[in-house]
Trainee: 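Input: one structure, supplied below.
Residues: numbered from 1 along the sequence shown.
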Amino acid sequence: MNLNDLANLGQIIGALAVVISLFYVAHSIRQNTNAVRSATAQAVHEHFASWYHLLAADLELSQLAVSGLRDYSSLSEPERARFIATFMAFLSYSQNAFLKWPRDCSSRRYGWVGNS
């Protein structure tokens, strides 16, 4: 085996190493993407859960929410401010969920039934 043969063998081994490393990088990126999506979904669920807990833990706020949804004009000025702040938090969480929802969602991918 001469020096030229060793150089060719080295190039073949180097090319194989590059291909193997590309497969490894693709696999790592896929795993990272799944982890990020999972963490994002968990954060969205936690935000909504905290909002529901806020209403459930405070009877006065729950009554205010029901009264405001029935007849907003019957609320006093401070009650309106609290009602608006409560539902602005809900809208903020909803906007966050919308912006983080994958654009490529389909009924088969997420197990939904209906028109897609």
Trainee: What's the spacing between Leu59 CG and Leu64 CG if we round to 0.5 Å?
Mentor: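 Reported to 0.5 Å precision, the distance equals 11.0 Å.
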Trainee: Might you work through the side-chain contact (heavy atoms from CB on, under 4.5 Å) test for Asp58 and Leu54, ending with a clear yes or no?
Mentor: CA-CA 6 Å; Asp58 188 346; Leu54 176 73; 5.7 Å; no
Trainee: Can you check whether Ser67 reaches Tyr72 side chain to side chain, under 4.5 Å on heavy atoms?
Mentor: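 The answer is no; the side chains never approach within 4.5 Å.
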Trainee: Are Met88 and Trp51 connected in a single hydrophobic cluster, I mean Ile/Leu/Val/Met/Phe/Trp/Tyr linked by side-chain heavy atoms less than 4.5 Å apart?
Mentor: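 Yes, one cluster joins them.
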Trainee: Mind checking whether Arg80 and Ser73 have side chains closer than 4.5 Å, heavy atoms only?
Mentor: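 They are in contact (side-chain heavy atoms under 4.5 Å apart), so the answer is yes.
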Trainee: Thr33 pairs by side-chain contact (heavy atoms from CB on, under 4.5 Å) with which of Gln31, Arg37, Arg30?
Mentor: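 With Thr33 as partner, Gln31, Arg37, Arg30 yield a single side-chain contact (heavy atoms from CB on, under 4.5 Å), made by Arg37.
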Trainee: How are the rings of Phe83 and Phe87 set relative to one another: parallel (under 30°), tilted (30 to 60°) or perpendicular (over 60°)?
Mentor: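 Rings of Phe83 and Phe87: tilted, as their planes differ by 30° to 60°.
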Trainee: Taking atom CG of Asn2 and atom CG of Asn8, what is their separation to the nearest 0.5 Å?
Mentor: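 Separation between the atoms: 8.5 Å.
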Trainee: In Å, rounded to the nearest 0.5 Å, how long is the span from CG of Asn34 to CD1 of Ile29?
Mentor: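 So the CG of Asn34 and the CD1 of Ile29 are separated by 12.0 Å.
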Trainee: Would you check if Tyr93 and Phe98 make a side-chain contact, meaning some heavy-atom pair closer than 4.5 Å?
Mentor: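 Not touching, per the 4.5 Å side-chain cut-off.
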Trainee: What distance separates Leu61 CG from Glu79 CD, expressed to the nearest 0.5 Å?
Mentor: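 Leu61 CG to Glu79 CD: 11.0 Å, rounded to 0.5 Å.
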Trainee: Check this for me, if you would: do Arg82 and Glu77 make a salt bridge, where the nitrogen-to-carboxylate-oxygen distance has to be below 4.0 angstrom?
Mentor: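 Not counted as a salt bridge, because no side-chain N and carboxylate O are separated by less than 4.0 Å.
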Trainee: Measuring from atom CD1 of Ile20 to atom CG of Leu16, what distance do you get when rounded to the nearest 0.5 angstrom?
Mentor: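 The CD1 atom of Ile20 sits 6.0 Å away from the CG atom of Leu16.
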Trainee: Hey, what do you get for CG (Leu75) to CG (Leu69), rounding to the nearest 0.5 Å?
Mentor: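 These two atoms lie 9.5 Å from each other.
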